[in-house]
Amino acid sequence: MILDITTDGVKESYELTSSFEPGKITFKDPNRDATVVVYFRLNEVLIRREGEIVSQEPFLLNQTTMGYYRQDGITFKTVIKTKHLIINQGLIKIEYEHTIEGLKTCKTLELSLFI
């Protein structure tokens with residue numbers, strides 16, 4: 001699987017080993033000691049991370065949702081405004097605004113499932 005993350009125009013790409021089940025992709029976070037699980041349905045994505053960082057963030061097209069991000073025992077609320085969402089057999093792509101502690105970033109997350 002290829003993971004592309006673009007934050008405020010800066011793109012990072014990773015080629016990762018992942019496991020796939022219907023509606024679920026699991027992989028190791030390339031930057032932290034954590035496991036990431038991506039749950040997806042036709043119009044919704046939920047990303048959970050467990051390990052050095054613990055987080056949960058839901059993505060629904062044209063909706064503002066709330067999640068959380070916990071590191072070193074401190075929990076932060078996150079606000080996500082999903083602007084574009086593609087979910088198909090080979091790609092999950094999410095374009096969104098991410099706000100944590102008042103800091104807003106524009107992000108794009110792409111999971112290319114079959115390389």
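Note that the structure is predicted; figures quoted are calculated from it, not measured.
Rounding to the nearest 0.5 Å places NZ of Lys104 at 5.0 Å from OG1 of Thr99. Note that CG of Asn62 is 10.5 Å distant from NE2 of His84, once rounded to the nearest 0.5 Å.
The cluster map of Ile, Leu, Val, Met, Phe, Trp and Tyr, joined by side-chain heavy atoms under 4.5 Å apart, puts Leu16 and Ile94 in the same cluster. Put simply, Ile80 and Tyr68 are part of two different groups of oily side chains (I, L, V, M, F, W, Y) that touch within less than 4.5 Å, one to the next. Both Met1 and Ile5 sit in one connected hydrophobic cluster of ILVMFWY residues. Membership requires side-chain heavy atoms under 4.5 Å apart, directly or through other members. Hydrophobic clustering (ILVMFWY, side-chain heavy atoms < 4.5 Å, transitive): Val38 and Phe20 are in one cluster.
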- Task: Apply side chain to side chain contact (heavy atoms under 4.5 Å, CB included) to the pair Gln56 and Arg49, showing each step before the final yes or no.
- Result: CA-CA 6 Å; Gln56 178 171 302; Arg49 188 182 334 188; over 6 Å; no

- Task: Apply side chain to side chain contact (heavy atoms under 4.5 Å, CB included) to the pair Leu109 and Ile47, showing each step before the final yes or no.
- Result: CA-CA 11 Å; Leu109 173 71; Ile47 300 177; 3.4 Å; yes

- Message: Go through it in stages, so that I can follow the logic: the residues are Glu57 and Thr78, the test is side chain to side chain contact (heavy atoms under 4.5 Å, CB included), and I'd like the CA-CA distance, side-chain angles, deciding distance and then a yes or no.
- Response: CA-CA 8 Å; Glu57 296 183 315; Thr78 61; 2.9 Å; yes

- Stepwise side chain to side chain contact (heavy atoms under 4.5 Å, CB included) check, Thr17 with Phe27: CA-CA 6 Å; Thr17 301; Phe27 59 92; over 6 Å; no

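Side chains of Ser13 and Asp4: a donor on one and an acceptor on the other come within 3.5 Å. Judged purely by distance below 3.5 Å, without hydrogens or angles, the side chains of Gln63 and Thr82 never pair a donor atom with an acceptor atom.
Ile87 pairs with exactly one of Leu42, Leu61, Leu111, Val45 by the side-chain contact (heavy atoms from CB on, under 4.5 Å) rule, that one being Val45. Between Leu113 and the choices Leu91, Ile25, Ile2, the side-chain contact (heavy atoms from CB on, under 4.5 Å) rule is met once, by Ile25.
Centroid-to-centroid, the aromatic rings of Tyr96 and Phe59 come within less than 6.0 Å.
Within the 3.5 Å criterion, the main-chain N or O of Ile74 finds no donor-acceptor partner in the side chain of Asp72. Looking at Asp8, its side chain does come within 3.5 Å of a backbone N or O of Cys106 through a donor-acceptor pair.
Nearest heavy-atom pair across Thr65 and Pro58 is OG1-O, 2.6 Å. The two residues Ser55 and Tyr69 come nearest to each other via the heavy atoms CB-CA, 4.0 Å.
Annotation: side-chain contact (heavy atoms from CB on, under 4.5 Å) contacts of Ser19 (sequence neighbours excluded): Thr26.
You'll find the side chain of Gln71 reaches within 4.5 Å of the side chain of Arg32, heavy atoms only. A 4.5 Å side-chain heavy-atom check between Arg48 and Val36 finds every atom pair outside the cut-off.
A salt bridge links Lys83 with Glu97: the closest approach of a Lys/Arg side-chain nitrogen to an acidic carboxylate oxygen falls below 4.0 angstrom. In summary, Glu95 and Lys93 engage in a salt bridge, as defined by a charged side-chain N under 4.0 Å from a carboxylate O.
In Lys81, the NZ atom is not crowded: 12 or fewer heavy atoms of neighbouring residues, nucleotides or ligands sit closer than 6.0 Å.
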